[in-house]
Amino acid sequence: MATLIDGKRISQEIKDELKEKAASLKAEGKEACLAVILVGEDPASKVYVGNKKKACEYIGIRSESYELPESTSQAELLELIERLNADAKVNGILVQLPVPKHIDEKAVIRSISPAKDVDGFHPENVGALLIGEKGFVSCTPAGVIELLKRSGISIEGKECVVIGRSNIVGKPMGVLLLRENGTVTICHSRTQDLKNVCKRADILVAAVGKPKMINREYIKEGAVVIDVGIHRMENGKLCGDVDFDDVEDMVSAITPVPGGVGPMTIAMLMKNCMESVEES
Ligand code: NDP
């Protein structure tokens, strides 16, 4: 029987630890503050922003919300970020992505002070991760490492295969697994013989963005499978990049969708926010 890696429970555990930390920082007169910026009316983004604000409230992090119209110019957005960079009361700045098409996402990411970049997307933080220096780490892959550690799954010396090489998931995921002494392979759309590469994995992380693509043909008996994907199916239910029902009987542990990696992303964002106030 596969062990279900319970991201809901583990993320709650982390949020409760952070709540305690926030209370003790408050007693020292310190308070974390996250500025959340949303440009436009994207319904999914609104839900994500709402969830982040709720998590802040639960933990005791003050959140400042900036909901800007779709017509906001890049200059106006950068001006707001500049103001928040200079505001000593704000520890973390988050711009909900994607931004509208007329705004250059890279310019936005670069404009956030690396010391307040709690999403871990700024090139300075990405570089720090690569060379093993301190910095903010992208929340989803950081959440995957935390899930593995808190489930007692050791990474050291294991064959780790990541499917996907995006800047926010696949690449930092590979680096983090390497940092934990895994032997890492990163796959992408040009990888040859993907099934056999995946079959080598003791730990397989699917961040491919294709609903239920990863079936038992990609899995070694007894592997640990982490499913980062999240998709809404026609019947309204959510599914991941992994065909859960097809692989469940052959894996040793697996994350469900929903309730696996998803809740960890917000928990790790909150962790980054708390770290930003501890550092200040
Ligand atoms: P991207 O679309 O940016 O990246 C997908 C990656 O998969 C690319 O590197 C691409 O390769 C690779 N890929 C696509 N098709 C294939 C294929 N047939 N074979 C091998 N590799 C392939 O996605 P993200 O990294 O942003 O997200 C991945 C998934 O994770 C999505 O389902 C997303 O919704 C989910 N997600 C979930 C989060 C959470 O909190 N749970 C947070 C972020 C993302 P190439 O580079 O060659 O194009």
Side-chain angles (χ1 to χ4, degrees), residues 4-12 14-15 36 42-52 54-55 94-99 105-106 109 118-121 126 129 136-148 160-177 184-201 204-215 217-219 225-233 237-244 254-272:
L4 210 60
I5 300 176
D6 187 349
K8 231 174 148 179
R9 181 186 58 75
I10 295 173
S11 66
Q12 188 58 48
I14 293 170
K15 284 192 281 184
V36 182
D42 181 57
S45 292
K46 281 193 166 182
V47 172
Y48 293 141
V49 164
N51 289 341
K52 287 167 189 174
K54 251 190 256 166
L94 180 153
V95 178
Q96 184 64 46
L97 300 178
V99 283
E105 188 174 292
K106 283 188 185 156
I109 290 172
V118 282
D119 258 336
F121 294 163
V126 177
L129 170 65
F136 291 117
V137 176
S138 180
C139 301
T140 302
V144 170
I145 297 291
E146 204 64 27
L147 271 183
L148 291 168
C160 304
V161 176
V162 180
I163 322 171
R165 58 173 166 181
S166 70
N167 288 339
I168 62 167
V169 188
K171 279 184 203 150
M173 188 72 254
V175 178
L176 285 173
L177 289 164
V184 180
T185 306
I186 301 181
C187 304
H188 44 80
S189 64
R190 320 282 167 85
T191 298
Q192 287 184 15
D193 200 6
L194 182 68
K195 285 183 183 168
N196 274 318
V197 177
C198 292
K199 264 182 174 293
R200 295 206 304 256
L204 181 68
V205 181
V208 63
K210 300 267 185 312
K212 295 191 185 185
M213 174 179 146
I214 307 304
N215 59 25
E217 292 170 26
Y218 292 78
I219 311 267
V225 176
I226 305 291
D227 191 353
V228 179
I230 184 148
H231 313 275
R232 175 107 26 214
M233 294 185 290
K237 288 191 175 165
L238 294 175
C239 77
D241 290 346
V242 177
D243 188 341
F244 185 95
I254 185 165
T255 56
V257 178
V261 174
M264 292 300 289
T265 301
I266 289 191
M268 298 315 285
L269 173 71
M270 296 297 115
K271 194 161 184 257
N272 281 349

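Order of appearance sets the numbers: ligands from 1, and atoms from 1 within every ligand.
When the salt bridge (Lys or Arg N to Asp or Glu O under 4.0 Å) test is applied to K195, the partners found at least two apart in sequence or on another chain are E217. Evaluation of the salt bridge (Lys or Arg N to Asp or Glu O under 4.0 Å) rule for K54 yields no partner, not counting sequence neighbours.
The option from V197, V261, V208 that lies nearest to atom 5 (C) of ligand 1, judged by heavy atoms, is V208. Remark: among candidates A206, S166, G260, C239, the nearest residue to atom 4 (O) of ligand 1 is S166, based on non-hydrogen atoms. Considering only non-hydrogen atoms, atom 35 (C) of ligand 1 lies nearest to V228 out of V205, V228, T255.
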Item to check | Verdict with reasoning, I163 to L204, per side chain to side chain contact (heavy atoms under 4.5 Å, CB included) | outcome: CA-CA 8 Å; I163 322 171; L204 181 68; 4.0 Å; yes
Item to check | Trace of the side chain to side chain contact (heavy atoms under 4.5 Å, CB included) decision for L269 with T265 | outcome: CA-CA 6 Å; L269 173 71; T265 301; 6.0 Å; no
Next on the checklist: Evaluate V161 against V205 for side chain to side chain contact (heavy atoms under 4.5 Å, CB included), listing each step before the verdict.
Outcome noted: CA-CA 6 Å; V161 176; V205 181; over 6 Å; no
Checklist entry - Please walk me through it: do K46 and Q96 pass side-chain hydrogen bond (donor to acceptor under 3.5 Å, both in side chains)? => result CA-CA 9 Å; K46 281 193 166 182; Q96 184 64 46; over 6 Å; no
Next on the checklist: Checking K212 against V242 for the side chain to side chain contact (heavy atoms under 4.5 Å, CB included) test, could you report, in this order, the C-alpha distance in whole Å, the side-chain angles of both residues, the deciding distance, and whether it holds?
Outcome noted: CA-CA 4 Å; K212 295 191 185 185; V242 177; over 6 Å; no
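Both the backbone and the side chain of I230 come within 4.0 Å of ligand 1, judged by heavy-atom distances.
Without hydrogens or angle criteria, T255 side chain to I226 main chain gives no donor-acceptor distance under 3.5 Å. At least one donor-acceptor pair closer than 3.5 Å links the side chain of N272 to the backbone N or O of V137. Under a 3.5 Å cut-off, the side chain of S138 and the backbone N or O of P172 do not form any donor-acceptor pair. With hydrogens and angles disregarded, no donor-acceptor distance shorter than 3.5 Å links the side chain of T191 to the backbone of L194. Side chain of D241 to backbone of G209: a donor-acceptor contact under 3.5 angstrom is found.
Less than 4.0 angstrom separates some heavy atom of V169 from each of these atoms of ligand 1: 25 (O), 43 (C), 44 (C). Applying the 4.0 Å criterion to heavy atoms of G262 picks out, from ligand 1, the atoms 41 (N). With ligand atoms numbered from 1 in the order given, ligand 1 contributes 14 (C), 15 (N) to contacts under 4.0 Å with heavy atoms of K210. Interface of G164 with ligand 1, defined as ligand atoms under 4.0 Å from a residue heavy atom, comprises 6 (C), 7 (O), 9 (O). Listed by number with element, the atoms of ligand 1 under 4.0 Å from a non-hydrogen atom of G209 are 28 (C), 29 (C), 31 (C), 32 (O). For ligand 1, the atoms lying closer than 4.0 Å to a non-hydrogen atom of T265 are 39 (C), 40 (O). Close approach of ligand 1 to H231 is summarised as follows: ligand atoms under 4.0 Å from at least one heavy atom of the residue are 32 (O). Of all the atoms in ligand 1, the ones that sit under 4.0 Å from a non-hydrogen atom of G229 are 29 (C), 30 (O), 32 (O), 35 (C).
At least one heavy atom of A207 lies less than 4.0 angstrom from ligand 1. The closest approach between a heavy atom of C187 and any atom of ligand 1 is not below 4.0 Å. Heavy-atom separations between T191 and ligand 1 are all 4.0 Å or longer.
Looking at ligand 1, you won't find any N or O of R190 less than 3.5 Å from one of its N or O atoms.
In this structure, atom 2 (O) of ligand 1 is not in close contact with the protein, since no protein heavy atom lies within 4.0 Å of it.
Of the protein's non-hydrogen atoms, M213 CE, 3.7 Å is the one closest to atom 18 (N) of ligand 1. The nearest heavy-atom contact from the protein to atom 21 (N) of ligand 1 is H188 C, 3.1 Å. Protein heavy atom nearest atom 8 (C) of ligand 1, with residue, atom name and distance: R165 N, 4.0 Å. The protein heavy-atom contact nearest to atom 10 (C) of ligand 1 is S189 N, 4.3 Å. Of the protein's non-hydrogen atoms, the one nearest atom 42 (C) of ligand 1 is T140 OG1, 3.3 Å.
Checked against I145 for a side-chain contact (heavy atoms from CB on, under 4.5 Å), the options M268, M264, M173 give a single hit: M173.
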